[in-house]
Amino acid sequence: MTNHVPISLGHIAPLYANVEGLNGKLALVCEGGGQRGIFTAGVLDVFMEARFDPFDILIGTSAGAQNLSAFVCDARGYACKIIGEYTTRTEFFRPLHFARGGDLVDLDWFFEVLTRGLPLDIDTGRKRLNGRELLFCSTRTGDYQPHYFHPAESDWMLGLKASSAIPLFYRAGVEWQGERYVDGSVADAIPVREAYRRGARTIVVIRTVPQHSRFSPHWARKLEGWIGRERMGDLMQIVEAHERCFNDFHDFMRSPPEDTRVIEIFPHQSLHSRVLGSSRTQLDQDYELGRRSGLYFLQTLGPALEVLAAQ
């Protein structure tokens with residue numbers, strides 16, 4: 001049996017049906033990607049409809065954390081709604097304001113909406129966790145190392161906001177216990193290694209880009225050459241931390257530990273939506289693709305994972 005199982009619509013190699021010899025915890029890891037998280041929302045809505053939740057550990061970054069929050073709270077359709085209806089509003093996405101020196105996104109407005117106007121049933125989420133680990137990955141700006149907020153140890157919505165605070169686009173970040181935190185994609189965009197460190201030996205990863213996509217820092221290095229590192233400020237540190245975490249993820253995926261199996265769910269081609277500035281039509285298309293991918297996953301690998309979880 002191979003240690004790495006890539007799965008997209010119409011493709012699974014090889015069929016992951018034999019769970020003999022596997023042990024350890026089962027984890028679900030969700031990548032960020034801004035509005036591209038609508039693909040993940042489609043996958044997880046299908047999981048909720050099927051009551052498929054065999055996971056011991058759930059770790060999400062940025063939009064992935066928001067999706068997992070809805071999943072744990074059993075809020076089908078919630079992530080699709082907040083991405084499709086609220087991240088497309090002018091109150092949230094403000095390119096003209098950004099051109100004048102302000103923030104590109106109003107994360108304060110967004111989380112005020114989530115907290116007061118469209119609250120999650122967090123009490124249900126805590127009950128459904130029942131001792132399982134739910135982690136929202138963020139980045140500590142003091143050293144650009146990852147930090148994993150646990151709802152049992154900090155405010156649920158504060159952890160979500162810290163995980164989603166995109167550097168440069170929302171400059172304030174989030175303050176907590178004397179430290180400042182920004183988007184987890186800087187330090188640990190796809191936290192498979194953290195899932196492994198916490199005991200997971202079967203890890204399901206939901207991506208928002210095609211399987212072999214890589215991060216390229218060439219634009220930042222070219223800009224650094226033009227204007228100098230000093231004028232770049234924190235940007236190069238952010239870019240370098242992001243590059244390190246992507247390289248680390250790909251190293252882990254290329255050669256997982258012998259006792260570990262990683263299943264990667266990903267779109268078979270680039271999504272129509274972008275990180276920001278997507279149309280409702282683009283988002284609707286990618287949500288439907290996520291739903292189809294989730295159904296395909298459940299039909300092919302779902303039963304094997306439920307057997308594993310029951311062992």
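Position 1 is the first residue of the sequence, and the numbers go up from there.
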Short question: side chain of D56, backbone of K25 - any donor-acceptor pair under 3.5 Å? no

Are L44 and L28 close enough, and set up right, to give a side-chain contact (heavy atoms from CB on, under 4.5 Å), and what steps lead you there? CA-CA 11 Å; L44 293 184; L28 176 62; 4.0 Å; yes

Determine whether C73 and Y78 make a side-chain contact, defined as any pair of heavy atoms from C-beta on separated by less than 4.5 Å. no

Going by the rule ring-ring contact (aromatic ring centres under 6.0 Å, His included), which residues pair with F110 if we only count those two or more places apart in sequence or in a different chain? F92

Between CG on residue L26 and CD on residue E306, distance to nearest 0.5 Å: 10.5 Å

Considering all heavy atoms, the nearest S138-S163 contact: OG-N, 3.9 Å

Should L305 and I263 count as side-chain neighbours, where that means a heavy-atom distance under 4.5 Å? yes

Could you state the interatomic distance from CG (L107) to CH2 (W109), rounded to the nearest 0.5 Å? 10.5 Å

Taking every heavy atom of Y170 against every heavy atom of V105, the minimum-distance pair comes out as CD1-O, 3.9 Å

For F149, ring-ring contact (aromatic ring centres under 6.0 Å, His included) partners two or more places apart: H147, W176, Y181

For the student: nearest non-hydrogen atoms of A187 and Q145, plus distance: CB-C, 3.8 Å

The test is side-chain contact (heavy atoms from CB on, under 4.5 Å); show your working for D106 and H97 and say whether it passes. CA-CA 10 Å; D106 190 342; H97 186 73; over 6 Å; no

Are side-chain heavy atoms of D183 and F169 found at a separation under 4.5 Å? no

In Å, rounded to the nearest 0.5 Å, how long is the span from CG of D284 to NE2 of H272? 11.5 Å

For the pair T300 (side chain) and F297 (backbone), establish whether a donor and an acceptor sit closer than 3.5 Å, ignoring hydrogens and angles. yes

Do F249 and V29 touch side chain to side chain, with heavy atoms closer than 4.5 Å? no

Checking L160 against F111 for the side-chain contact (heavy atoms from CB on, under 4.5 Å) test, could you report, in this order, the C-alpha distance in whole Å, the side-chain angles of both residues, the deciding distance, and whether it holds? CA-CA 9 Å; L160 267 188; F111 273 89; 3.8 Å; yes

Nearest 0.5 Å, please: how far is OH in Y287 from CG in L289? 12.0 Å

Under 3.5 Å, side chain of R171 to main-chain N/O of G102, donor-acceptor pair present? yes

I need the minimum non-hydrogen distance between D259 and R261, along with the two atoms involved. C-NH1, 4.2 Å

Among D121, D53, D123, exactly one meets salt bridge (Lys or Arg N to Asp or Glu O under 4.0 Å) together with R128. Which residue is that? D53

For the pair T139 and Y144, evaluate side-chain contact (heavy atoms from CB on, under 4.5 Å) and give the outcome as yes or no after the intermediate values. CA-CA 6 Å; T139 301; Y144 291 99; 4.1 Å; yes

Spacing of T87 atom OG1 and I82 atom CD1 [to the nearest 0.5 Å]: 8.0 Å

When K161 is tested against each of D108, L114, T115 for side chain to side chain contact (heavy atoms under 4.5 Å, CB included), which residue passes? D108

Look at atom CZ of R274 and say whether more than 12 heavy atoms of other residues, nucleotides or ligands are closer to it than 6.0 Å. yes

Going by distance alone, is a donor N or O of one side chain under 3.5 Å from an acceptor N or O of the other, for N67 and T40? no

Would you mind reporting whether E49 and R291 have side-chain heavy atoms less than 4.5 Å apart? yes

Closest approach of G37 and A63, non-hydrogen atoms and distance? CA-CB, 4.3 Å

Testing the basics here: between D103 and R94, what is the closest heavy-atom pair and its distance to 0.1 Å? O-NH2, 3.8 Å

Within the 4.5 Å heavy-atom criterion, are I38 and C80 side-chain neighbours or not? yes

Check whether T141 reaches the backbone of R180 with its side chain - one donor and one acceptor, N or O, closer than 3.5 Å. yes

Whether S270 side chain and P210 backbone form a donor-acceptor pair below 3.5 Å: no

Find the distance between OH (Y196) and CZ (R201) and round it off to the nearest 0.5 Å. 4.0 Å

Within the side chain of T61, is there an N or O that forms a donor-acceptor pair under 3.5 Å with the backbone of E31? no

For Y148, check ring-ring contact (aromatic ring centres under 6.0 Å, His included) against everything at least two apart and list the hits. none

Do side-chain atoms of R197 reach the backbone of E194 as a donor and acceptor pair under 3.5 angstrom? no

With a 3.5 Å distance limit and no angle check, can you tell me whether D286 reaches the backbone of F39 through a side-chain donor-acceptor pair? no

So, do S164 and F136 sit near enough that their side-chain heavy atoms are less than 4.5 Å apart? no

Any sub-3.5 Å donor-acceptor pair from Q35's side-chain atoms to G277's backbone N or O? yes

Hey, can you tell me if F52 and F47 have their rings parallel, tilted or perpendicular (30° and 60° cut-offs)? perpendicular

So, do D74 and R51 sit near enough that their side-chain heavy atoms are less than 4.5 Å apart? yes

Does R132 use its side chain to pair, donor to acceptor, with the backbone of L58 at less than 3.5 Å? no

